[in-house]
Number of protein chains: 2
Amino acid sequence: MPKLWNETIEAHRDAVRAATLDAAAELVAEHGPAGVTMSQIAKATGIGRATLYKYFPDIDTILTAWHERQVRSHLEELARVRDRAESSERLEAVLTAYAVLSFQHPRSDLAGSLHRADHVSQARQHLHGFIRDLLVEAAAAGDLRTDVPAAELATYCLHALTAANTLRSKAAVRRLVAVTLSGLRR
Amino acid sequence: MPKLWNETIEAHRDAVRAATLDAAAELVAEHGPAGVTMSQIAKATGIGRATLYKYFPDIDTILTAWHERQVRSHLEELARVRDRAESSERLEAVLTAYAVLSFQHPRSDLAGSLHRADHVSQARQHLHGFIRDLLVEAAAAGDLRTDVPAAELATYCLHALTAANTLRSKAAVRRLVAVTLSGLRR
DNA sequence: CGGGTAATAAGACACTCTGTATCGCAAAAA
DNA sequence: TTTTTGCGATACAGAGTGTCTTATTACCCG
């Protein structure tokens with residue numbers, strides 16, 4: 001995409017990387033994860049195919065990088081929601097925000113199509129830790145059940161709330177959050 | 001696999017189809033969904049590559065068929081569990097069985113790697129309907145919350161319980177079922 | 001302003017996989 | 001036996017891959 005170098009070389013390379021991930025995401029949305037080729041990505045990014053190989057060695061790496069970027073940006077959004085909410089409403093606010101994100105970005109999972117992704121993406125582990133810490137905090141306030149480790153409750157939350165991407169209305173998403181929350185209470 | 005024809009021609013073709021799905025599943029477990037080729041599947045099945053094309057037009061169809069078979073077999077198992085359990089314990093028994101299946105077969109989802117799969121597999125819709133009917137029955141007994149449609153509760157259950165495939169002990173699976181169940185009650 | 005540096009586009013190349021067609025072979029059926 | 005029918009093997013063109021080479025262009029420094 002960028003024809004002229006921005007400021008430094010590294011900034012230019014970052015811009016190319018970002019443009020590549022954008023192009024790849026669009027192609028995946030159009031043809032599915034399996035129907036995307038390096039040639040298509042290079043053309044859509046506006047760079048040569050050989051140049052693309054100097055940035056990413058294969059499609060799997062590109063999709064993994066895109067997935068990581070997506071999860072990381074969601075994580076930052078959730079951190080903002082957490083810091084903005086009162087302590088007593090923090091958990092509900094964050095879980096609602098996560099469900100809404102899943103609802104609006106049904107493509108963010110990619111789940112099975114990545115084989116090399118260490119079987120659990122780095123960013124997803126951060127996400128899990130983030131929710132777990134939130135649950136520990138809520139447990140200290142005495143609102144949560146204590147017969148299940150916080151880590152397992154976090155896993156439960158993340159899976160239950162991804163159901164949001166199959167729902168059709170925001171009202172349904174809110175109901176899903178309510179149901180999930182009531183599973184956490186004693 | 002079978003070199004001589006079994007009974008009828010159709011039985012022979014069924015045997016070849018089944019052997020193909022078995023071989024494909026094994027290759028997927030080994031190389032991931034993206035790393036499997038028609039050539040490999042043909043060789044692993046023990047048939048010629050051209051012959052494989054007379055059974056399945058492409059890899060996507062093979063993986064979809066395998067996924068459907070897997071879900072269907074799980075569905076039959078769940079139906080047996082349902083019919084064996086007392087009415088009062090049916091829901092818990094079936095959800096536990098589903099969680100244990102997810103726990104033992106982490107590969108059954110395939111989630112993102114299928115593009116053509118009507119975006120929701122046929123068998124998975126049956127599974128959703130199966131759970132939904134079970135929830136309607138339990139609601140009639142008065143144990144369930146009534147502020148959320150049964151279909152949404154079924155979606156919630158299926159997603160929450162797939163978390164079982166990331167857990168490490170059966171005890172954790174039982175805790176997950178307990179948490180999920182308490183989300184269903186009022 | 002001109003030379004050196006670095007990233008690139010374009011093309012070539014060998015390789016693999018794909019999807020299809022053809023040709024005999026062997027086993028079941030008439 | 002003769003006729004079907006499924007099959008393995010092979011060939012073929014098209015597409016994608018991963019690597020390499022060459023010429024071009026933009027930037028930086030003296």
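The number of heavy atoms from other shown groups lying within 6.0 Å of CD (B:Glu92) does not exceed 12. Heavy-atom neighbours of B:Arg168 CZ from other residues, nucleotides or ligands within 6.0 Å: at or below the threshold of 12. Other residues, nucleotides and ligands contribute more than 12 heavy atoms inside 6.0 Å of the CD atom of B:Gln104.
To the nearest angstrom, P of D:dG6 lies 12 Å from CZ of B:Arg17. At whole-Å resolution of the value, CD1 in A:Ile41 and C1' in D:dG16 are 12 Å apart. Regarding A:Tyr55, its OH atom lies at a distance of 18 Å from the P atom of D:dG18, rounded to whole Å. Between B:Asp58 atom CG and C:dT18 atom C1' there is a gap of 11 Å when expressed in whole angstrom units. For B:Lys43 and C:dT16, the NZ to P distance is 12 Å, given to the nearest whole Å. At whole-Å resolution of the value, CD in B:Gln40 and P in C:dT16 are 13 Å apart. Spacing between atom CD1 of B:Ile62 and atom C1' of C:dT18 amounts to 13 Å, rounded to whole angstrom units. One interatomic measurement links the two molecules: CZ of B:Phe56 to C1' of C:dG19, which rounds to 17 Å at whole-angstrom precision.
Under the 3.5 Å distance criterion, with hydrogens and angles disregarded, no donor-acceptor pair is assigned to the side chains of B:Arg132 and B:Thr155.
Picking from C:dT18, C:dA21, C:dA7 the nucleotide with the shortest atom distance to the side chain of B:Ala50 gives C:dA21. In the set D:dT17, D:dG6, C:dA9, the nucleotide with an atom closest to the side chain of A:Ile47 is C:dA9. Relative to the side chain of A:Lys54, the nucleotides C:dC17, C:dT8, D:dT17 differ in distance, and C:dT8 lies closest.
The base of D:dG18 sits with one of its N or O atoms less than 3.5 Å from a complementary donor or acceptor on the side chain of A:Arg49.
The phosphate of C:dT16 has neither OP1 nor OP2 within less than 4.0 Å of any side-chain N or O from B:Thr37. An OP1 or OP2 oxygen of C:dT8 is reached within less than 4.0 angstrom by a side-chain nitrogen or oxygen of A:His12. Contact between the side-chain N/O atoms of B:Thr51 and the OP1/OP2 oxygens of D:dC7 is not found at any separation under 4.0 Å.
Between B:Tyr53 and A:Leu52, the residue whose closest nucleotide on DNA chain C is further toward the 5' end is A:Leu52.
Screening B:Thr166, B:Thr162, B:Leu161, B:Val173 for a side-chain contact (heavy atoms from CB on, under 4.5 Å) with B:Phe103, the sole residue that qualifies is B:Val173.
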